[in-house]
Amino acid sequence: MLSDGTLSSRISVNRGIIIILCCTVSLLTVFSNFTGSPDNHVRCPPLLVSLDANGAFVCNASGYYDALTQRPLRLLIFYDKNDVMNLPLCDVKPATLIGRRNVSLEAHSEEDIAADNPKVLRGGRYRPSGCVPRQRLRVAVIVAYRDRQEHLQILLNNLHPFLQRQQLDYTVFLVEQAGNATFNRGKLFNVGFVEANKLREYPCFVFHDVDLLPENDANAYSCPQYPTLLSSAMEKNKYRPIYADYFGGVVSFSSRHFRQVNGFPNLYWGWGGEDDDLSLRVRTRLGKLLQEPADTGQYTMLKHEKDAGNPVNPQRFKLLNAAAKRFETDGLSSLSYSVVKLERKPLYTWILVDIGQPG
Ligand code: UD2
Ligand code: MN
């Protein structure tokens, strides 16, 4: 016969074993959701899964292979909680793509554009609800801006539907230069890079003029092997290349590469040169840049005069001649600014910034 005490301790041992078993089963269920099995499902080795500061699941992909291309993935890939439920990857060519189409030149109000794009979240973010973006990257689209309200409205009206058709996880950031000092496109993009990454880590960036409208949604806003000129064929130049190694307009960069080239130069105030300096950084630091093929990289540029606050920079050739000496010292490493306002508007995250003045 067993004493009462032995019996109760045995019951609690049994209960302990049952609890451990239950925990193991539920943990295995969570992990099997991560690992998935069919080829087009999300897979991530359980030990590489962690949570980022925003509560999103992060899969550290090093040594891990893309199910479709079998190419190694080196960047971090991100999943939010919903993705754990074995969502399929989005199609390689989403049925939503329509190819080349006429851009709309109508300037609707931001309220109307938001109403037309109900799936865009506050701050200008979208992610597909039924599938995981194939690139498994968050993309930050950064627009350098001041006083081009009409162009902004036309851009947003085209860009949001375009990016949603590509089934990307993207966020649009508008980096606006405060005050009346001479415009500085490069510096604004650097601020966009740093501030976007403070809000959430973005492995992929697209730096975008406000007046360029993509015409062909086969032009993927993503980050291939090297920094890429997306606006390779502009209507203003009869869809022909501007010049060899031209790198203005719309370009894409992985965060890793953008850091490797120390970002844009900060020293170009006014029109011209900052794009050529960036091109030189990429070619000397990374070996090459890519261009979107001309049959998909078509853009319309909205017609405009030179802005009063962005006069042609007479220093640009002098700066470019000695550019190689400044790659280390001028760029992300020397960036200084102060954010005046940061606000999640319905169609974009607005960053109003004081970037100082020339000299
Ligand atoms: C060309 C390049 C541009 C850049 C520039 C030289 C094309 C299509 N674009 O632009 O990428 O290299 O030469 O600096 O070839 N902006 C404002 N407010 C201003 C001034 C500029 O928002 O007051 C922004 C806006 O995003 C604009 C961009 O800066 O699209 C470039 O300025 P631009 O459009 O006046 O110069 P553009 O067309 O010659
Ligand atoms: Mn322009």
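Contact check for Arg326 versus Asn262: no side-chain heavy atoms found under the 4.5 Å cut-off. Looking at heavy atoms from C-beta onward, Leu230 lies out of side-chain contact with Pro214 at the 4.5 angstrom threshold. Counting heavy atoms from C-beta on, the side chains of Arg165 and Pro94 never come closer than 4.5 Å. In this structure, the side chains of Glu106 and Ile154 stay at 4.5 Å or more apart for every pair of heavy atoms. Contact of the Phe207 side chain with the Val143 side chain is not registered, since no non-hydrogen atoms from C-beta on lie closer than 4.5 Å. By the 4.5 Å heavy-atom criterion applied to side chains, Pro224 and Ser252 are counted as neighbours. Using a 4.5 Å cut-off on side-chain heavy atoms (C-beta onward), Arg200 and Arg138 make contact. A 4.5 Å side-chain heavy-atom check between Leu152 and Leu174 finds at least one atom pair inside the cut-off.
Partners of Arg344 by side chain to side chain donor-acceptor pair (under 3.5 Å), not counting sequence neighbours: none found.
Of the possible donor and acceptor atoms, none in the side chain of Asn219 sits under 3.5 Å from a partner among the backbone N and O of Gly297. No side-chain donor-acceptor contact under 3.5 Å links Asn313 to the backbone of Gly273. For the pair Asp209 (side chain) and Asp211 (backbone), a donor-acceptor distance under 3.5 Å is absent.
Using a 4.0 Å cut-off between charged side-chain N and carboxylate O, Arg316 and Asp276 make no salt bridge. Ion pairing of Asp307 with Arg148 is present here, as a side-chain N (NZ or NE/NH1/NH2) and a carboxylate O approach within less than 4.0 Å. Using a cutoff of 4.0 Å between basic side-chain nitrogens and carboxylate oxygens, Glu274 and Arg185 are scored as salt-bridged. Salt-bridge annotation for Glu328 and Arg285: present, with a side-chain N of the basic residue lying under 4.0 Å from a carboxylate O of the acidic one. Checked for salt-bridge contact, Arg100 and Asp217 miss the test: no charged N lies under 4.0 Å from a carboxylate O.
Other residues, nucleotides and ligands place more than 12 heavy atoms under 6.0 Å from the CD atom of Gln149. The neighbour count for Lys119 NZ, taken as heavy atoms of other residues, nucleotides or ligands under 6.0 Å away, does not exceed 12.
Both the sub-6.0 Å distance and the 45° axial angle are not jointly satisfied by Lys341 relative to the ring of Trp350.
In this structure, CE on Met301 lies 3.5 Å from NE2 on His304, to the nearest 0.5 angstrom. A distance of 6.5 Å separates CG in Leu212 from NE2 in His208, rounded to the nearest 0.5 Å. Interatomic distance, Ser232 OG to Asn237 CG, rounded to the nearest 0.5 Å: 11.5 Å. A distance of 6.5 Å separates CZ of Arg146 from CG of Asn180, quoted to the nearest 0.5 Å. Between Leu188 atom CG and Glu195 atom CD the span is 12.0 Å, to the nearest 0.5 Å. We find the OG-CG distance between Ser336 and Asn190 to be 11.0 Å, quoted to the nearest 0.5 Å.
Considering Val172, Thr228, Val250 in turn, Val250 is the only one that fulfils the side chain to side chain contact (heavy atoms under 4.5 Å, CB included) rule with Val206. Screening His160, Gln164, Gln166 for a side chain to side chain contact (heavy atoms under 4.5 Å, CB included) with Tyr126, the sole residue that qualifies is Gln164.
Ring pair Tyr221/Tyr299 is parallel by interplanar angle, where below 30° counts as parallel and above 60° as perpendicular.
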**OP:** Check step by step if ring pair (Phe, Tyr, Trp, His ring centres under 6.0 Å) holds for Phe258 and Phe189.
**Re:** CA-CA 11 Å; Phe258 196 67; Phe189 281 143; 8.6 Å; no

Original post:
Does the pair Tyr268 and Asp277 meet the rule for a side chain to side chain donor-acceptor pair (under 3.5 Å), with working shown?
Top reply: CA-CA 9 Å; Tyr268 292 75; Asp277 188 308; 2.8 Å; yes

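Side-chain N/O atoms of Tyr202 and Thr171 include a donor and acceptor closer than 3.5 Å. Checked by atom type, the side-chain pair Ser255/Arg259 shows no donor-acceptor distance below 3.5 Å. For the residue pair Asn310/Thr182, the side-chain donor-acceptor check at 3.5 Å is not satisfied.
Checked against the 6.0 Å centroid threshold, Tyr348 and Phe173 do not count as a close aromatic pair.
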